[in-house]
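Values reported hereafter were calculated over all heavy atoms of this structure, with side chains retained and with hydrogens, waters and symmetry mates removed.
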Amino acid sequence: MLGLMQDHPLLISGLIVHAERHHPTQEVVSRRVEGDIHRTTYAAIAHRSRQLAQALDRLGIAAGERVATLAWNGYRHLELYYGVSGSGRVLHTLNPRLHPEQLAWIINHADDRLLFVDATFLPLIKAVAPHCPQLKAVVLLADAAPGDALPLPLLAYETLLAAESGDYRWPSFDERTASSLCYTSGTTGNPKGVLYSHRSSLLHTFAAALPDSLSCSARDVILPVVPMFHVNAWGLPYVGPMVGAKMVLPGPGLDGKSLYELFESEGVTLSAGVPTVWQGLLAHVDAEGKKFSTMRRTVVGGSACPPAMKARFENDYGVEVVHAWGMTEISPLGTVSSLKSSHAQLPASARFDLQAKQGRVVFGVDMRIVDPQGKEIAWDGSTSGELQVRGPWIVSQYFRLDAPAPLVDGWFPTGDAATIDAEGYMQITDRIKDVVKSGGEWISSIDVENVAMSHPDVASAACIGAVHPKWDERPVLLYVAKAGKSPTPEAILAHYEGRVAKWQIPDMAIAVEALPLGATGKVLKNKLRDTYGRFLVDGAPTNPATPARST
């Protein structure tokens, strides 16, 4: 028997149509590359998105072809989100922090036809474009295009839109049609493409907005610090129009001072980003003696939020930390650490510990942990195994990769080691490749880092497993001191006493000026292992800070 409900496909265009019809005057505020503030509305974004779709028609970009962006978080980028995907093309967001050779490889692998770029990235494109023969043109996200020579046409975004009326009807098509494309960060080997569909993106958006997820509503002012080129800014450019929230897009200014000014001037209530960004924000408000007037929640993901950071946000500034976990392959939302009603009577310390975990799945995602033989492990909160997930917005096959599907019996192996407790709260204990394997025992590098981060003089820290002649591997800690502070390695190692078992204390603590960060703000532990991985066997690498051994 046929169902009695209307059958409307779930399409990206439906989000901006909804926002235009039901939240037309809601603001979208952007700090532009030039530094000034631009204000617009969902109604204007929708109209300009239709103009963009018409321009893509005029330029001969066929449905299903890839249109790339190299841009910061801004209103024009938001228009691309809807004008490209809504018209049946595939939006491909590129990470400008990648090396030019890697960018060229990704553009060619994706077979991108057009490339839209912010003006700040024009020098980068001059290096990349000659190696991308399939590109038809580069479109500068500006009022006019300069006379800079490129081996292909250089067009101006505003000129393209001005030639179109916006009298355009969004097409209807199968909701399983591809909508956007993101590549993994590729810390080892070439990046892999993850192709999202309209259906998967809409389902993910519904899940992200739920009260026990990111809890977004028309009463919120949302500022995604996480870049729109990183896993679609964790879905927030879709969530905002769905719920009718005011959006604040920070452009290239992601330092603590710039972000704080936007939070205060625009009344931001919810933000989202990786821990390295929040370190800079906290350093600014600490140094200036500032407080947050409207900020109530911050989503922390990308890597584990150190408990010390969570405590500072919540205890010192009254900002709730929403701990979340995900990855490019899962769109990216997998779990959120929200409490249940049964936890209301728990002591504050117990609630804190629970929310320091990566949390429980949202509807649509299932998860399990397995041992090295693939046998499922009980949810006891202490036994660790490899985390695997499945669901309607989780990858089944990488884009244009001539390799077997990554799934294991229908489950995606995340590469994370985790525990799950009896109530379904998951905690990442480490990346499988980052676990320190010492004398047959596993030491979580995250646990070692969290202790270091709880030291009042430490700004950031990373733990690696270094080769050891007796124990196979031993933990070595690299740490960066806060501005104006200079904790000694001996003081850092002494901080571990009574906080972890003796055998889990790092063999060395090494002060460094900075930790190497990848294109998405994560610490590149592979580079640290290259430099310090044989420290305990071969001695000091080139120009290290003086290390201290634990006793």
> Passes side-chain contact (heavy atoms from CB on, under 4.5 Å), Leu52 versus Leu80? Steps please.
Replying inline: CA-CA 7 Å; Leu52 173 60; Leu80 283 157; 3.6 Å; yes
>> Determine whether a donor-acceptor pair (N or O, by modelled atom type, separation under 3.5 Å) exists between the side chain of Ser265 and the backbone of Glu261.
In response: yes
> What about the rings of His77 and Phe116, do their centers lie closer together than 6.0 Å?
Replying inline: no
> Is any side-chain heavy atom of Leu94 closer than 4.5 Å to a side-chain heavy atom of Phe229?
Replying inline: no
> Could you go step by step and tell me if Gln6 and His8 meet the side chain to side chain donor-acceptor pair (under 3.5 Å) rule?
Replying inline: CA-CA 6 Å; Gln6 296 182 20; His8 289 280; 2.9 Å; yes
>> Is any side-chain heavy atom of Leu124 closer than 4.5 Å to one of Val117?
In response: no
> Is there a donor-acceptor contact under 3.5 Å from the side chain of His131 to the main chain of Val128?
Replying inline: no
> How close do Val139 and Ala156 get, heavy atom to heavy atom, and via which atoms?
Replying inline: CG1-C, 4.1 Å
> Distance-only, no hydrogens or angles: does the Ser213 side chain make a donor-acceptor pair with backbone N or O of Ala209 under 3.5 Å?
Replying inline: no
> Measuring from Asp143:CG to Leu161:CG, what's the distance to the nearest 0.5 Å?
Replying inline: 11.0 Å
>> Working note: Val523 + Ser303, criterion side-chain contact (heavy atoms from CB on, under 4.5 Å); need CA distance, chi angles, decisive distance, verdict.
In response: CA-CA 9 Å; Val523 175; Ser303 56; over 6 Å; no
>> Working to the nearest 0.5 angstrom, can you tell me the gap between Arg31 CZ and Ser258 OG?
In response: 4.5 Å
>> Looking at every non-hydrogen atom in both residues, tell me the closest pair between Thr25 and Thr41 and how far apart they are.
In response: O-CG2, 3.8 Å
> In Å, rounded to the nearest 0.5 Å, how long is the span from OH of Tyr425 to OG1 of Thr335?
Replying inline: 10.5 Å
> For the residue pair His92 and Tyr183, does the interplanar ring angle fall in the parallel (under 30°), tilted (30 to 60°) or perpendicular (over 60°) class?
Replying inline: tilted
>> Do Tyr196 and Val231 have side chains that approach each other closer than 4.5 Å (heavy atoms only, starting at C-beta)?
In response: yes
> Salt bridge between Glu314 and Arg351, side-chain N to carboxylate O under 4.0 Å?
Replying inline: no
>> To check you understand the geometry: which heavy-atom pair defines the closest contact between Trp393 and Leu203, and what is its length?
In response: CZ3-O, 3.6 Å
>> Is the distance from the ring center of Tyr238 to that of Tyr81 below 6.0 Å?
In response: yes
> Thinking salt bridges, do Arg89 and Asp57 make one under a 4.0 Å N-O criterion?
Replying inline: yes
> Step by step, would you call Ser338 with Val322 a side-chain contact (heavy atoms from CB on, under 4.5 Å)?
Replying inline: CA-CA 7 Å; Ser338 58; Val322 181; over 6 Å; no
>> Could you measure the distance from the CG atom of Leu140 to the CD1 atom of Ile125? Nearest 0.5 Å is fine.
In response: 10.0 Å
> Just wondering, are more than 12 heavy atoms of other shown residues or ligands nearer than 6.0 Å to CZ in Arg58?
Replying inline: no
>> With a 4.0 Å cut-off on N to O distance, would you call Arg296 and Asp220 a salt bridge?
In response: no
> Using the benzene-type ring in the case of Trp, are the ring centres of Phe173 and His198 under 6.0 Å apart?
Replying inline: yes
>> With rounding to the nearest 0.5 angstrom, report the CZ to CG distance, Arg431 to Asp416.
In response: 4.5 Å
>> Pair His284, Tyr260 - check ring-ring contact (aromatic ring centres under 6.0 Å, His included), show working.
In response: CA-CA 8 Å; His284 172 73; Tyr260 181 79; 5.7 Å; yes
> When rounded to the nearest 0.5 angstrom, what distance separates CG in Leu223 from CE in Met295?
Replying inline: 8.0 Å
> Do side-chain atoms of Asn73 reach the backbone of Met228 as a donor and acceptor pair under 3.5 angstrom?
Replying inline: yes
> Should the ring pair Trp72 and Phe121 be called parallel, tilted or perpendicular, given that the plane angle runs from 0 to 90° and is split at 30 and 60?
Replying inline: tilted
> Within a strict 4.5 Å, meaning less than it, do heavy atoms of the Val90 and Val67 side chains meet?
Replying inline: no
> Between Met453 and Pro306, which heavy-atom pair has the shortest distance, and what is it?
Replying inline: CE-CG, 3.8 Å
> Near Asp36 CG, under 6.0 Å, is it more than 12 heavy atoms from other residues, nucleotides or ligands?
Replying inline: yes
> Is a salt bridge present between Glu158 and Arg76, judged by a nitrogen-to-oxygen distance below 4.0 Å?
Replying inline: yes
>> If we ignore hydrogens and angles and just use 3.5 Å, is the side chain of Thr294 paired with the main-chain N or O of Val268 as donor and acceptor?
In response: yes
>> Is any side-chain heavy atom of Ile330 closer than 4.5 Å to one of His204?
In response: no
> Do the non-hydrogen side-chain atoms of Leu114 and Leu155 ever get within less than 4.5 Å of each other?
Replying inline: no
> Are the side chains of Gln134 and Arg66 in touch, meaning some heavy atoms are under 4.5 Å apart?
Replying inline: no
> Is the side chain of Ser179 donor-acceptor paired with the backbone N or O of Ser85 at a distance under 3.5 Å, no angle test?
Replying inline: no
> Where do Ser337 and Gln355 come nearest, in terms of heavy atoms and distance?
Replying inline: OG-CA, 3.1 Å
>> Can you confirm whether more than 12 heavy atoms, excluding those of Glu288, are under 6.0 Å from its CD atom?
In response: yes
> Which word best sums up how the rings of Tyr168 and Trp170 line up, parallel for under 30°, tilted for 30 to 60°, or perpendicular for over 60°?
Replying inline: perpendicular
> Where the side chain of Arg48 meets the backbone of Glu79, is there a donor-acceptor pair that is under 3.5 Å apart?
Replying inline: no
> For the side chain of Thr269 and the backbone of Val221, is there at least one donor-acceptor N/O pair under 3.5 Å apart?
Replying inline: yes
> Taking the inter-plane angle between the rings of Tyr75 and His38 on a 0 to 90° scale, is it parallel (under 30°), tilted (30 to 60°) or perpendicular (over 60°)?
Replying inline: parallel
> Is any side-chain heavy atom of His18 closer than 4.5 Å to a side-chain heavy atom of Pro241?
Replying inline: no
>> Can you give me the closest heavy-atom contact between Cys305 and His323, atom names plus distance?
In response: N-NE2, 3.0 Å
>> Under a 3.5 Å distance rule, please check whether Trp234 uses its side chain to pair with a backbone N or O of Leu333 as donor and acceptor.
In response: no
> Within the distance-only criterion (no hydrogens, no angle test), does the side chain of Ser87 pair as donor or acceptor with the backbone N or O of Val84 below 3.5 angstrom?
Replying inline: yes
> Counting heavy atoms not belonging to Lys257, are there more than 12 under 6.0 Å from its NZ?
Replying inline: no
>> Show, in sequence, the C-alpha distance, side-chain angles and deciding distance for Lys290 and Glu264, and conclude whether the salt bridge (Lys or Arg N to Asp or Glu O under 4.0 Å) test is met.
In response: CA-CA 10 Å; Lys290 303 288 188 180; Glu264 293 299 298; over 6 Å; no
> What's the verdict on side-chain contact (heavy atoms from CB on, under 4.5 Å) for Val299 and Val226, showing C-alpha distance, side-chain angles and the deciding distance?
Replying inline: CA-CA 10 Å; Val299 182; Val226 55; over 6 Å; no
